[in-house]
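Only this structure's heavy atoms are used, side chains among them; waters, hydrogens and symmetry mates stay out.
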Amino acid sequence: MSTNVPPSSTVGLNMRLPSSPSSPSLSPTNSSSRRPKRSVTLTFTPLSLILSILGIGAIAMFISAISISKPSPSPVKLPPSVQLDDRVGRLPVMGYNTWNAYWCNIDESLIIETAKLMKSLGLADVGYDHMNVDDCYAEKKRDWSGNIVANKERFPSGMNFLTDQIHFLGMKAGIYGDSGWFTCQMYPGSFQNEERDAKTFLDWGFDLLKYDNCAVPFDEVIKEGMVGKYTRMANAIAKLSAESGKPPLIYSLCNWGRHQPWIWARRLGQSWRTTMDIWAQWNSIAAIINENSMYAQASDFYGHNDMDILEIGNGELNYEESKTHFTAWALMKSPLLIGTDLTKVTPQTLDILMNKEIIAINQDNVVGTSVTPFRWGINPNWSYNATHPAQYWSGESENGTVFMLINTLDQPTTMFFNLTESPWIRAGRQYSVRDLWTHTDNGTAVRNLTIPNVPPHGVVALLLQDAGDEPAGTQPPCVNPEWCADEDGTLHGTYPW
């Protein structure tokens, strides 16, 4: 390249152009027959030179601006449950569900009447504030735009009218859906319509979604396991809440304990069914208590083992069995959903459902964990026995240590335990005893308690509060003799081996 500055002050660039790649001049065999060298001269005036420099600068700035304006990487997304924890479902849901009493025989009049009875009977005042509609509320087909439609005969005023009536009473409204093609009664399910249906439920005014596990798509279609199947709706709920600015639907997973939801469902929702459906028989109650004894520790704030809808007031359950049923569900921090016909409810049933001292444990705002077994009783510890579940349970509460004793036998029995068998009791202390069913203060317990004549399938629920040091000189020196020793090393107990 050569540069010359002629008198006219133009700038000329003399550039030698290479030969064409296909030119014979590049062939070694034709090196003696090269064509004459070619050149071209570009001439710039001072003005054109300045404009060229400015143009190059503008292009550089434009390229720089593009690189600067690139969107930053998306922030790490938290699991739906972490995003929602400070908003809904901290405590177990209390309310009513239509299924156990009515199955598919529901309509708007019955639901509104039931909600009004919740108020007039005083149930709402003690915490039962959800009115939940279960399966069979919809038309069998979606509408032309793909939306779930309320049944026009049974809900002629529409779902917004229904939820307005429930909200007017100061209560919240729950709805039912399914993770498959259809619900369990073959109404439209939400698979592949999760975002659409979540929006429908929220637009209708519902606050909670019970989500079932029927009509599962073929493997080659769903390509998900149980966790992934339920994550689809969890993501839809979280996305809808973020876009709408409204609180998310409380998400109640109902997969009947399949694939151990107590391990993973907390990431997605606020409660998860742990067993198959309940029945109004003692054998069903005992079996559900037995199963939940194996993972009772999973319940805590924002995530609860759901032991299914209450059967109190239904079927073959007697008074003592119903008390045991309610106590176990409440103290194990299950949702408490009434499932009996309130137009026929008895004072005895209301007495059980409205036990404020038992409800206070379920709705404890300081301690979210469940009671757990400290001794199985009839069976060796950690036995799985559907007819004779664990008998001796304890747990923490805001106001003391809670004990639940269950007589699983078919005849009355005496039940006994040492206080320090519970991990929440301090050695060398005495405790005042409150009976949560008789609502009486029953003196002070030192080291142990004996409860005679516990009825067949009956329950004892106690609240123990620290009442100071036990009397001086109480013997033996250790209730638990294992490695009990004096400060000089003298063994007063037994070796653990």
Side-chain angles (χ1 to χ4, degrees), residues 77 79-81 84 97-99 103-104 106 132-151 159 174-204 206 208-241 243 248-279 288 291 295 298 303 305-306 308-309:
K77 291 185 177 180
S81 62
L84 309 186
N97 181 284
T98 58
W99 186 253
W103 291 45
C104 276
I106 57 173
N132 297 345
V133 181
D134 212 281
D135 204 352
C136 309
Y137 61 84
E139 295 284 355
K140 286 287 188 176
K141 302 289 185 182
R142 293 174 178 266
D143 67 13
W144 62 270
S145 59
N147 295 315
I148 292 177
V149 180
N151 184 279
M159 287 300 187
I175 193 66
Y176 168 94
D178 196 285
S179 57
W181 296 119
F182 300 95
T183 71
C184 298
Q185 300 301 312
M186 299 307 292
Y187 291 84
S190 292
F191 179 66
Q192 295 184 341
N193 284 283
E194 289 85 2
E195 290 188 14
R196 176 195 299 274
D197 292 351
K199 185 176 187 305
T200 295
F201 300 145
L202 194 65
D203 288 347
W204 279 349
F206 287 101
L208 175 148
L209 172 62
K210 173 184 174 181
Y211 207 51
D212 221 329
N213 189 38
C214 293
V216 180
F218 292 164
D219 291 357
E220 65 180 15
V221 175
I222 192 167
K223 296 182 180 177
E224 293 281 7
M226 186 67 74
V227 177
K229 182 159 72 89
Y230 276 87
T231 299
R232 295 169 66 98
M233 181 55 82
N235 289 340
I237 290 171
K239 179 181 178 183
L240 178 62
S241 177
E243 292 175 349
L249 296 163
I250 292 177
Y251 188 29
S252 175
L253 288 71
C254 183
N255 78 326
W256 326 314
R258 300 292 192 256
H259 295 83
Q260 300 174 289
W262 46 90
I263 294 174
W264 51 266
R266 176 182 294 277
R267 307 177 198 171
L268 309 180
Q270 291 74 43
S271 67
W272 47 88
R273 274 279 299 281
T274 55
T275 65
M276 290 298 291
D277 288 358
I278 191 173
W279 295 95
I288 291 173
E291 291 195 41
Y295 36 77
N305 288 332
D306 180 356
D308 206 359
I309 307 163

**Message:** Before we go on, tell me: are the rings of Tyr137 and Tyr176 under 6.0 Å apart, centre to centre?
**Reply:**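 Between Tyr176 and Tyr137, which both carry aromatic rings, the centre distance is not below 6.0 Å.
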Hey, could you give me the [atom1]/[atom2] distance between [X] and [Y], rounded to the nearest 0.5 Å?
X: Met276; Y: Trp256; atom1: CE; atom2: CH2; answer: 6.0 Å
X: Cys214; Y: Gln185; atom1: SG; atom2: CD; answer: 8.0 Å
X: Lys229; Y: Asn255; atom1: NZ; atom2: CG; answer: 7.0 Å
X: Leu202; Y: Glu243; atom1: CG; atom2: CD; answer: 11.0 Å
X: Leu208; Y: Ser271; atom1: CG; atom2: OG; answer: 7.0 Å
X: Leu240; Y: Glu195; atom1: CG; atom2: CD; answer: 8.5 Å

**Prompt:** Angle class for the Trp99/Trp103 ring planes (parallel below 30°, perpendicular above 60°, tilted otherwise)?
**Reply:**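 Trp99 and Trp103: parallel rings.
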**Request:** Check the pair Val221, Gln192 against side-chain contact (heavy atoms from CB on, under 4.5 Å), reporting the backbone distance first and the verdict last.
**Result:** CA-CA 10 Å; Val221 175; Gln192 295 184 341; 4.2 Å; yes
**Request:** Check Tyr251 against Tyr230 and note the closest heavy-atom contact, atom names and distance.
**Result:**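 Smallest interatomic distance, heavy atoms only, reads OH-O, 2.8 Å.
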**Complete:** Residues Met226 and Trp264: closest non-hydrogen pair is CG-CZ2, 3.7 Å
**Prompt:** Only one of Ile106, Asn132, Ile309 clears side-chain contact (heavy atoms from CB on, under 4.5 Å) with Thr98; which?
**Reply:** Ile106
Got a donor-acceptor contact below 3.5 angstrom from the [X] side chain to the [Y] backbone?
X: Arg266; Y: Ala298; value: yes
X: Ser241; Y: Ile237; value: no
X: Tyr295; Y: Ile263; value: no

**Request:** Given side-chain contact (heavy atoms from CB on, under 4.5 Å), test Tyr187 with Cys136 step by step and report yes or no.
**Result:** CA-CA 7 Å; Tyr187 291 84; Cys136 309; 3.8 Å; yes
**Message:** Please determine whether the number of non-hydrogen atoms from other residues, nucleotides or ligands lying under 6.0 Å from atom CG of Asp219 exceeds 12.
**Reply:** no
**Contact check, side chains of Asp197 and Arg142, non-hydrogen atoms, under 4.5 Å** = yes
**Full working for side-chain contact (heavy atoms from CB on, under 4.5 Å) between Asn213 and Arg273** = CA-CA 11 Å; Asn213 189 38; Arg273 274 279 299 281; over 6 Å; no
**Request:** Just do the side-chain contact (heavy atoms from CB on, under 4.5 Å) check on Leu249 and Tyr211 with the steps written out, would you?
**Result:** CA-CA 11 Å; Leu249 296 163; Tyr211 207 51; over 6 Å; no
